[in-house]
Every structure is written in structure tokens, then in C-alpha cells.
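Values below: all heavy atoms of this structure, side chains included; hydrogens, waters and symmetry mates excluded.
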Amino acid sequence: MEHSPVDDTKKLFFPDTGFGLYIPQSVILLRRLSCKQCIASPPGAHRLIVFRSASGLLHLGKHFVQTEKNDSLLLAPGAQASIQFVDQHEEDPDSLELDPQLDSAAAIIIFFHVYRLGESTPSNELLSKVPYETRMNITDESRLLDLVGTLDSSLMSPFSTPEESRLKQQITLQELILFLMENIRRNTEIPDSIQAVKQTVAYIESHYQQNITARQLYSIAGVAKWQYSGLFQSITGKKPLDYLLDIRLKHAKRLLLQTDDTLAQIAHAVGFKDESYFSRKFKQTEGITPRQYEETSSVNSSPFILPEVPYKRIVAIGYSLGDLLSLGIKPVGADVQIIGKRGLYWDAIKDIEDVGLLGEPTKIRELHPDLIVHSGFRQDWVNELASIAPTVLIDRYEPVYSRIMQMAELLNRQKFAEQWIYRHRTASNRMWRNLAEHVDVKQTAAVFSIVEGNLYVMSMKGFGVTIYHPDGMQPPPKVKELIQAGIPFQLTRAEHARAYEADIHFILMDNDTRTIRLYRELMQLPYWSTKSADRIIVSENKYNFDDPLTMDKLLIELPQMILKKSYRQPHYM
């Protein structure tokens, strides 16, 4: 075969500027947790997330993406995100067995850099047709898992030479990117009936509290009735209304264990028309009544061996400190001087390293943590913390029982936490019943906290969680407004305290000189000077927390405060 002569024109036998090198950095596995897990954002790194668990929420700035199993999603460098999984007890008997570690992961995150030809710094563009922050559902699960497993193995087990190792990693990652591109193209060519039905599955999971009918579901999907049920059953394994029932009962079980709500309240909260229908369906499905389920799930307090905690060096930021200690776990670092010294557990944390109020990254990095639990009021350094160690976010305003279960799940202490919840609920009910024999416990009560000279009125947070028990004291109208609005506490001024008129006033204080001065000024105001001494109960701010340690202690101290039996005001008064 003849070859054409080389002419004088300059031909560049290189790809154009759109070509890039894809260099994988690491593969991270995320466990299924109910709390938010931060996704680290190393400089210049792209992140490909592969969801192995259904019912996921990917939080992106001010919006979130609801994900399903085998969804993939690409994040641009610098984009902040966190993952939360909705269903705690998901089981998938049909899942493919790829690798013991990968198969047990709820999500897999692949970190990689992209380089333009001839450039030494990572590019912020992927240089392909895979869109950012767009959910891509993968239909070929086995191929997806094979590529991810191969990439993970190549990163964990290098080949004989560095060159071979790098080439294998790059080739596998590029095959994965190409696979995603082909999947996107293929999905645009197939009928969208299945996707439409999948959307109604997500609709049920987010609207189960509402009245949902089969007609409504297939109307939303835009699919014929005869076709809809078959497609729905092929996706979920259940008929639409059976699936709806399962979702409602799952949430009802959670409420039975984590709240003091009546059966009528629980039935209404999860979408049943009345208590009797709820109880009948519950027993038909579970074989026992709702209350029997509550008792059998919670009463069993026989000794058991605590499972090993999956993390050895934990750093607690914010109010997670008390929750950790209550589960029998001492972190290596916490904001000791700020949070710790205000609580009841000061003696137990003297050997814990202080990391500052917001969790200073420099101090935390020196502790070499393998987990960071963030439950603070600011998140200034969350993204940087996520680059140090796996970082989870637990909302400190979450209802206490739910918050404790999130923490327990993270640390393999679920049974321990369930038993505490049951014991605490029982003890709370008993305390208020006993108090009712001596005083009118249905009086209104306002709770004020003075911290470093600032006056706060408490809502359903801290001390208020115990006081505003269903069998306990009632919030005055202005506090009730805060509770209904979801406001845990509110800063106020001394002269405005009269707006929270109540039968009983609790004033919780620290020993700061500014606090003592404000308290004395407060007592001189006309509103307070007219109150009789038995209508004002003064105590310490160490009780203004709602971790299990504090709440258990408060059940002992509160009757003494109210009945004034052997109870003394703080020494600095």
C-alpha cells in the first residue's frame, strides 16, 4: 500500500483542546445513616456519586435531589453537598454481590481530577457530555458495579509498576465516564413509562400522610390503569396501595418508639383516617396491636453486650458531646470550654481536648479523628472538616428521641438508645403523675435562661423539653407561638419578659457577673416585683440541655424545684 507524501502544512497529530486526562484519586464508601454525611470537596476534584441505597437525599446548597438505587450524580469542584438516607431499615434481597465492602455501602464516591492536555493544574470542567448535579439512573447495574469495583481494586492494589497502575486506573475511570455517557443517550431513546411510575413511588414516600388513591397515582404517572399496577409491582414488588400501607406503618413504628403521641395522633400523622382503622391494619400486618409492638420493642431491658463502635477517635462539635457521653462514648476532642463547662458532665470531660466553639480545623487535624460529629449552631468550617475525616451533621434542634437514635445508629448503639427512650418516657410519665398529686401541673410555665448577660425565653429546647411534657405544664400563649413556629428559643429584653406571662417562671442562670447583674435588674422591674416568691423558681443553666444525661437528672431535680423540698437556690444568689 502506498503512503501519501508528507506535505509542508503543519498537522498536529494531537487531540483538540477538548481532550482531557481523567486521574482517579480515591473511592470512598458511605454507610447508611439517617444523619447528614458531608461530602468532602478537595481542591479541583470532581466527585461521582453512585447510590447503592434507595431513598437517598443529596443536599446541594438550597435544594436537594431525591435519589434511588443505582442513580449516579456528578459534582463539580467546589460544590458543597451532603447525603442523607431516609429509610433506616432497607433490605434488598436481589442486590448483586460485587464485593463485601462495596455491596454494603449506601453510596460510593469516586474522587478524580481532570486535566487539559498540556496543563498542570486540574480543570474545573469535565470536558464530556455528563451533566453536573443531574440524576442519572443506571439500567445496567452489573456493568456499573463491575467498573466501580475494578477502579476501587486498582486504587487499593497497585500493579507491578507505577506506570501500569496509573494506566489501569485512568482507563477504568474513562470507561466509567463513557458508560455514563452511553447510559444518558440510551435513556433518552427508551419510553418514559417506567420513569413516570418511579416518580409516583417517590411521591408516595414524601406524601404518605395525605389521602392517596390508586386513581390519583396512575393519573400522576400518565399511564393507563391496566399498565400502571404491573409496572409499579415490577419496580417495588408490591401493589401501589400495599406499598403505601407499608410506608405508613414504617413511620408509625418510629413514632410509637420515639414519641409520647396518642394512637389517634400517630394514626393522623402517618395518613390513616382514624385510630381504629390504623390499629386494625397494624394488627393484620404485624400480628400484634400498636401498643403491644411498643412494649415488646422497648420493655426488653435484659443485659446485652454493647457492639464495638466503628470509630475509635471521634471529635464532637456543639451539642453532640452530651449525646455521645450518654451512649457511653468519650470523644477525643470537643468544644469543652464552651459547651462542656455549661453541662452536668464537667467532671467526665476533663481529659478531652478542646477544639473551640466552632470546631477549629487546625486543632481537630492534630487529633487525627476517624469521625467528626457536627451538631453546632454554625457550620463555618464543615467543608474543611470533611476533608480531615468523615463528617456527619446531626441537627441539634431535632426532637431529642429522634436525635439520639441518629447518634446511636451511627455508633452501633441502637438497642441501648431504644431502652433509654423507653425508660425515660416511663419515668417522665410517672414523675408528672406523682407531681399532679401535690400541685396543679397544668399551670402555665415560662422558662428564661440568662447566659453571659443575655436573656432568652425557651421554647421546645433544653429545659423546655421536660417542662412542656404532654402530662406536664403548659406553655403560655407567646411561647406556644414559638413552639408552633418551630423556634427553639428567642433572645428577648428584660422589659419584654412580661409578654410571656405565666403562672410559674423558671429562671436558669450561669455565674457570669453580667448574668447576675441582669438578674438583679430584672427583679427590680414592676412585673417581677409583684410576683410572689413561690412563682419564681431560680436554678442553674446546666439543666438547660436535652441530652439524656441532663434529662434523666432533671427528672429527679424538677419535683424538688417545684415542691421546694430540700431545694436551694444557686450559691451565687
Side-chain angles (χ1 to χ4, degrees), residues 32 34 51-57 65-71 84-97 103-104 106-107 135 137-142 145 187 190-257 263 266-290 292-293 297:
R32 163 172 281 283
S34 57
F51 288 89
R52 294 293 298 136
S53 180
S55 304
L57 291 177
V65 177
Q66 188 168 14
T67 64
E68 301 173 358
K69 183 178 178 181
N70 293 330
D71 279 352
Q84 188 172 18
F85 298 100
V86 179
D87 186 353
Q88 305 297 309
H89 307 289
E90 175 189 291
E91 295 182 358
D92 186 2
D94 299 323
S95 62
L96 298 179
E97 294 185 2
D103 198 51
S104 63
R135 187 167 66 94
N137 187 257
I138 308 302
T139 55
D140 189 348
E141 179 184 18
S142 60
L145 298 184
N187 283 348
I190 62 174
D192 59 357
S193 295
I194 294 178
Q195 189 59 37
V197 174
K198 285 183 176 181
Q199 292 296 328
T200 64
V201 176
Y203 179 85
I204 289 174
E205 291 173 351
S206 59
H207 295 79
Y208 63 89
Q209 309 97 324
Q210 301 175 10
N211 181 31
I212 298 177
T213 65
R215 178 186 294 274
Q216 180 183 3
L217 291 172
Y218 63 73
S219 296
I220 292 174
V223 175
K225 180 180 180 181
W226 63 268
Q227 185 183 17
Y228 176 81
S229 184
L231 288 174
F232 191 100
Q233 196 160 356
S234 68
I235 293 169
T236 66
K238 297 180 180 295
K239 295 179 180 179
L241 295 186
D242 290 340
Y243 186 81
L244 172 61
L245 176 63
D246 283 354
I247 294 294
R248 285 173 170 168
L249 291 179
K250 178 192 71 175
H251 287 282
K253 292 175 186 177
R254 174 178 57 81
L255 293 175
L256 283 166
L257 294 179
L263 290 184
I266 291 174
H268 181 264
V270 299
F272 288 97
K273 59 184 180 181
D274 56 50
E275 177 185 342
S276 60
Y277 180 69
F278 162 58
S279 296
R280 186 166 68 254
K281 283 295 183 182
F282 194 101
K283 187 171 184 179
Q284 286 176 357
T285 305
E286 303 296 327
I288 55 177
T289 67
Q292 287 173 334
Y293 170 83
S297 298

Checklist outcome for this item: Value for CD (Glu205) from OG1 (Thr236), rounded to nearest 0.5 Å, stands at 9.5 Å
Next on the checklist: When you compare the side chain of Asp246 with that of Lys250, does any pair of heavy atoms fall below 4.5 Å?
Outcome noted: no
Checklist entry - Which value, rounded to the nearest 0.5 Å, describes the distance between Leu249 atom CG and Tyr208 atom OH? => result 12.0 Å
Item to check | Distance (rounded to the nearest 0.5 Å) between Gln292 CD and Leu256 CG | outcome: 12.0 Å
Item to check | Close side-chain approach of Thr213 and Leu241, heavy atoms under 4.5 Å | outcome: no
Checklist entry - Hey, does Gln199 have a side-chain heavy atom less than 4.5 Å from the side chain of Ile220? => result no
Checklist entry - Do Ile204 and Phe232 have side-chain heavy atoms sitting under 4.5 Å apart? => result yes
Checklist entry - For Ala269 and Leu255, which heavy atoms make the closest approach, and how far apart are they? => result CB-CD1, 4.0 Å
Checklist outcome for this item: In short, Leu231 meets Ser234 closest at the heavy-atom pair O-OG, 2.6 Å
Checklist entry - Which word best sums up how the rings of Phe272 and Phe278 line up, parallel for under 30°, tilted for 30 to 60°, or perpendicular for over 60°? => result tilted
Checklist entry - Can you say whether the rings of Tyr203 and His207 are parallel (under 30°), tilted (30 to 60°) or perpendicular (over 60°)? => result parallel
Next on the checklist: So Ser279 and Leu263, do their side chains get closer than 4.5 Å, heavy atoms only?
Outcome noted: yes
Next on the checklist: So does Val270 get a backbone contact from the side chain of Gln209, meaning a donor-acceptor N/O pair under 3.5 Å?
Outcome noted: no
Next on the checklist: Looking at every non-hydrogen atom in both residues, tell me the closest pair between Pro240 and Ser229 and how far apart they are.
Outcome noted: CD-OG, 4.0 Å
Next on the checklist: Would you compute the distance between atom OH of Tyr243 and atom CD of Gln233 and round it to the nearest 0.5 angstrom?
Outcome noted: 13.5 Å
Checklist entry - Rounded to the nearest 0.5 Å, what separation is found between the OG1 atom of Thr200 and the OH atom of Tyr228? => result 3.0 Å
Item to check | Spacing of CG belonging to Asn70 relative to CZ belonging to Arg52, to within rounding of 0.5 Å | outcome: 5.0 Å
Item to check | Closest approach of Phe85 to Ala106 (non-hydrogen atoms, all atoms of both residues) | outcome: CZ-CB, 3.5 Å
Next on the checklist: To check you understand the geometry: which heavy-atom pair defines the closest contact between Arg248 and Asn211, and what is its length?
Outcome noted: NH2-CA, 4.3 Å
Item to check | Neighbour count above 12 (heavy atom, 6.0 Å) for His268 NE2 | outcome: no
